[in-house]
A.B. asks: 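Below is the structure I would like to discuss, written out as structure tokens.
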Amino acid sequence: MHGSKMESEIRQQPSALRENSKRYLDQLRGVFESRRFEMVLLAARGSSDHAALYAKYLFEIHLGIPVSLAAPSVITKYGSRLKYPNCLAIGISQSGEAPDVSEVLEHLRSSGHATLAITNTSASRLTKVADATLLLGAGDEEAVAATKTYTSSLLALYQTARALGADLQEPILPDDQWTELTKAAAADSVGPILRCSPLFALARGYSFSSAHETALKLMECALLPCKAYSTADFEHGPKALAGAQTAAIVYGDTPQSLFDLGCVQVIAPETPDPAISPIWDAFYGQWLALLAARARGIDPDHPQNIHKITKTL
């Protein structure tokens with residue numbers, strides 16, 4: 001069946017999250033102890049960059065320090081030597097082989113800042129340039145689309161916030177029942193997704209990362225163009241495209257303008273805790289992409305034009 005590897009890895013997520021959650025927190029507390037930072041810099045690409053977007057909201061809300069998403073080309077292409085205040089630089093790469101992410105961490109480390117690698121691959125390039133490494137321990141991921149490594153990265157960043165002193169509760173994690181519930185919800189949503197164009201993915205706050213990840217999954221797995229927006233930014237121009245033949249995948253509150261314009265709303269299932277919602281959201285977005293791909297006769301395990309490991313500078 002098309003996407004059999006991707007489906008298997010979607011289903012492995014509850015156990016992978018449950019088995020690694022405490023280890024993440026314990027290991028990260030050992031790394032940071034009582035250290036405090038004036039800012040956090042996050043370097044990542046692809047799905048990992050969406051995990052970084054989640055961390056930006058999480059850290060700024062719960063740690064009260066500014067967070068910047070790195071533009072690696074500032075260093076790798078233009079050779080700028082940026083001067084940061086007391087900074088924690090976190091590089092996120094499932095393969096650990098992203099050259100630009102590694103170069104950002106190497107630059108920050110050479111400037112005397114603390115660096116942390118979050119990856120699923122030991123002895124990778126990223127682990128060699130960072131002061132400390134958190135291995136995701138999600139097991140081999142064979143499908144091209146990131147599933148369990150993505151949700152594991154989200155959980156690792158949640159536990160990073162806690163290790164840095166954020167007043168966050170023990171994470172409530174999805175179980176097998178959630179896996180089946182989100183699959184059924186996605187199956188009900190595939191029809192509008194396939195019939196409508198253009199497609200939007202909308203959210204704000206913590207789940208803004210989910211909108212971006214869902215859009216990416218629909219493009220890489222099902223070859224369906226989809227653009228992610230914050231529900232606020234959507235009002236500033238993009239809604240001009242919305243109408244009766246368009247659809248919006250919505251995480252959280254639905255903008256009133258969608259109802260007024262006749263845009264089809266595809267509503268993601270409600271999650272139990274906003275601060276951890278992107279982990280729960282990811283299941284729905286992954287199923288939506290997989291089931292849409294199957295409906296179109298596309299095998300997301302072998303997508304066109306892309307590979308599992310992408311190296312950019």
Side-chain angles (χ1 to χ4, degrees), residues 1 3-28 47-48 50-51 54-55 57-58 62 94 118 120 134-143 145-163 166 168-190 201 203 205-214 217 221 249-252 266-294 300:
M1 180 184 293
S4 58
K5 290 179 181 178
M6 183 177 176
E7 175 166 352
S8 175
E9 289 163 3
I10 291 172
R11 293 186 178 281
Q12 291 170 26
Q13 290 177 116
S15 61
L17 295 169
R18 183 175 60 253
E19 290 167 6
N20 287 298
S21 182
K22 184 178 183 301
R23 176 179 65 82
Y24 292 169
L25 182 61
D26 291 345
Q27 185 173 340
L28 289 162
S47 291
S48 296
H50 303 156
Y54 163 61
Y57 282 91
L58 192 71
H62 294 279
Q94 287 119 10
I118 297 178
N120 199 46
L134 180 68
L135 292 175
L136 296 174
D140 292 340
E141 189 174 65
E142 297 183 51
T147 53
K148 60 183 179 177
T149 54
Y150 175 66
T151 50
S152 294
S153 296
L154 295 172
L155 179 59
L157 290 162
Y158 182 89
Q159 298 292 43
T160 300
R162 294 182 74 201
L168 289 163
Q169 67 176 2
E170 186 70 23
I172 304 169
L173 298 173
D175 55 15
D176 291 338
Q177 184 177 358
W178 180 253
T179 306
E180 297 306 322
L181 186 153
T182 49
K183 181 181 181 182
D188 290 339
S189 304
V190 166
Y206 299 114
S207 286
F208 188 30
S209 58
S210 303
H212 280 275
E213 180 64 10
T214 297
K217 285 288 182 286
C221 296
I249 303 149
V250 181
Y251 294 93
V266 177
I267 310 300
E270 187 175 349
T271 63
D273 176 8
I276 203 73
S277 59
I279 294 178
W280 293 69
D281 294 338
F283 285 65
Y284 175 72
Q286 292 164 7
W287 282 122
L288 196 61
L290 174 57
L291 298 180
R294 285 176 174 169

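A quick note: this is a predicted structure, and the numbers were derived from the prediction, not measured. For the numbers below, each heavy atom of this structure counts, side chains included, while hydrogens, waters and symmetry mates do not.
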A.B. asks: Residues two or more places apart in sequence or in another chain: which of them pass side chain to side chain contact (heavy atoms under 4.5 Å, CB included) with Leu135?
C.D. replies: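 Testing Leu135 for side chain to side chain contact (heavy atoms under 4.5 Å, CB included), a comparison that skips the adjacent residues, returns Thr119, Ser122, Thr133.
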
A.B. asks: List in chain and number order the residues that pass side chain to side chain contact (heavy atoms under 4.5 Å, CB included) with Ala138, two or more places apart in sequence or in another chain; answer none if no residue qualifies.
C.D. replies: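 Counting only residues at least two positions away or on another chain, Ala138 forms a side chain to side chain contact (heavy atoms under 4.5 Å, CB included) with Asn120, Lys148, Thr149, Ser152.
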
A.B. asks: Can you tell me how far the CG atom of Asp140 sits from the CD atom of Gln12, to the nearest 0.5 Å?
C.D. replies: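 Between atom CG of Asp140 and atom CD of Gln12 there are 9.5 Å.
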
A.B. asks: Find the distance between CG (Leu288) and CG (Asp188) and round it off to the nearest 0.5 Å.
C.D. replies: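 Separation between the atoms: 11.0 Å.
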
A.B. asks: Could you tell me whether a side-chain N or O of Trp280 sits under 3.5 Å from a main-chain N or O of Pro272, the two making a donor and an acceptor?
C.D. replies: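 No, Trp280 side chain to Pro272 backbone: no donor-acceptor pair under 3.5 Å.
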
A.B. asks: Within this structure, what is the CD1-CG distance for the pair Ile276 and Leu155, rounded to the nearest 0.5 Å?
C.D. replies: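 With rounding to 0.5 Å, CD1 (Ile276) is 6.0 Å from CG (Leu155).
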
A.B. asks: If every non-hydrogen atom of Ser47 is compared with every non-hydrogen atom of Gln94, which pair is closest and at what distance?
C.D. replies: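 Heavy-atom minimum between the residues: CB-NE2, 4.1 Å.
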
A.B. asks: If you measure from OH on Tyr150 to CD1 on Ile279, what distance do you get to the nearest 0.5 Å?
C.D. replies: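 If we round to the nearest 0.5 Å, Tyr150:OH and Ile279:CD1 are 9.5 Å apart.
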
A.B. asks: Restricting to non-hydrogen atoms, name the atom on Ser209 and the atom on Tyr54 that form the minimum distance, rounded to 0.1 Å.
C.D. replies: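 Shortest heavy-atom contact: OG-CB, 3.5 Å.
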
A.B. asks: Would you give the length of the straight line joining atom CD of Glu213 to atom OG of Ser207, rounded to the nearest 0.5 angstrom?
C.D. replies: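 Answer for the CD-OG pair, Glu213 versus Ser207, is 12.5 Å.
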
A.B. asks: Which heavy atom of Ala201 sits nearest to which heavy atom of Ala211, and what is that distance?
C.D. replies: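 Looks like CB-O, 3.3 Å.
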
A.B. asks: I would like to know whether Gln13 and Thr151 meet side-chain hydrogen bond (donor to acceptor under 3.5 Å, both in side chains); could you show each step before the answer?
C.D. replies: CA-CA 7 Å; Gln13 290 177 116; Thr151 50; 2.9 Å; yes

A.B. asks: Determine, for Glu7 against Arg11, whether the closest basic-nitrogen to carboxylate-oxygen distance falls under 4.0 angstrom.
C.D. replies: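 Yes, this pair counts.
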
A.B. asks: Keeping the roles fixed (side chain from Arg23, backbone from Leu136), state whether a donor-acceptor pair exists under 3.5 Å.
C.D. replies: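 Judged by distance alone, yes, a pair lies under 3.5 Å.
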
A.B. asks: Would you call Gln169 and Asp273 a side-chain contact if the rule is heavy atoms closer than 4.5 Å?
C.D. replies: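 Touching, per the 4.5 Å side-chain cut-off.
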
A.B. asks: So, do Ile10 and Lys183 sit near enough that their side-chain heavy atoms are less than 4.5 Å apart?
C.D. replies: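 No. Closest side-chain heavy atoms not under 4.5 Å.
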
A.B. asks: Look only at the side chain of Ser8 and the backbone of Ser4, and say whether a donor-acceptor pair between them is shorter than 3.5 Å.
C.D. replies: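 Between the backbone of Ser4 and the side chain of Ser8 there is no qualifying donor-acceptor contact (under 3.5 Å).
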
A.B. asks: Over 60° means perpendicular and under 30° means parallel, so classify the ring planes of His62 and Tyr206, tilted if in between.
C.D. replies: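 Rings of Tyr206 and His62: parallel, as their planes differ by under 30°.
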
A.B. asks: Heavy atoms only: give me the nearest Leu290-Pro300 pair and the separation to one decimal.
C.D. replies: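 Minimum heavy-atom contact is CD1-CG, 3.6 Å.
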
A.B. asks: Side-chain contact test, heavy atoms from C-beta onward, threshold under 4.5 Å: evaluate it for Pro171 versus Gln159 and give yes or no.
C.D. replies: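 Pro171 reaches Gln159 side chain to side chain.
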
A.B. asks: Indicate yes or no: at least one non-hydrogen side-chain atom of Pro14 is less than 4.5 angstrom from one of Phe283.
C.D. replies: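 Pro14 reaches Phe283 side chain to side chain.
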
A.B. asks: Determine yes or no for a side-chain-to-main-chain donor-acceptor pair under 3.5 angstrom, with Ser21 supplying the side chain and Arg18 the backbone.
C.D. replies: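 Between the backbone of Arg18 and the side chain of Ser21 there is no qualifying donor-acceptor contact (under 3.5 Å).
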
A.B. asks: Short question: side chain of Trp287, backbone of Thr179 - any donor-acceptor pair under 3.5 Å?
C.D. replies: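 Such a contact is found between Trp287 side chain and Thr179 backbone.
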
A.B. asks: Look at the side chain of Asn20 and the backbone N and O of Gly137, then say whether any donor-acceptor pair between them is shorter than 3.5 Å.
C.D. replies: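 Yes; at least one donor-acceptor contact below 3.5 Å.
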
A.B. asks: Between Phe208 and His212, is the ring-ring contact (aromatic ring centres under 6.0 Å, His included) condition met? List the steps.
C.D. replies: CA-CA 7 Å; Phe208 188 30; His212 280 275; 4.6 Å; yes

A.B. asks: Check whether the side chains of Tyr284 and Ser189 place a donor and an acceptor atom closer than 3.5 Å, and report yes or no.
C.D. replies: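 There is such a pair (donor and acceptor under 3.5 Å, judged by atom type) between the side chains of Tyr284 and Ser189.
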
A.B. asks: What closest approach, in Å, do Ser210 and Pro278 show between heavy atoms, and which atom pair accounts for it?
C.D. replies: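 Scanning both residues completely, I find the closest heavy atoms to be OG-CA, 3.5 Å.
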
A.B. asks: First locate atom CG of Leu154, then atom CG of Leu58, and finally report the distance between them rounded to the nearest 0.5 Å.
C.D. replies: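 Here the interatomic distance stands at 10.0 Å.
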
A.B. asks: Just by modelled atom types, is the Glu170 backbone N or O under 3.5 Å from a matching donor or acceptor in the Tyr158 side chain?
C.D. replies: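 Checking the backbone N and O of Glu170 against the side chain of Tyr158, no donor-acceptor pair under 3.5 Å is found.
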
A.B. asks: Could you go through the side chain to side chain contact (heavy atoms under 4.5 Å, CB included) check for Trp178 and Leu173 one step at a time?
C.D. replies: CA-CA 9 Å; Trp178 180 253; Leu173 298 173; over 6 Å; no

A.B. asks: What heavy-atom pair brings Gln286 and Ala146 nearest, and what distance separates the two atoms?
C.D. replies: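 Distance-wise, the nearest heavy atoms are NE2-O, 4.3 Å.
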
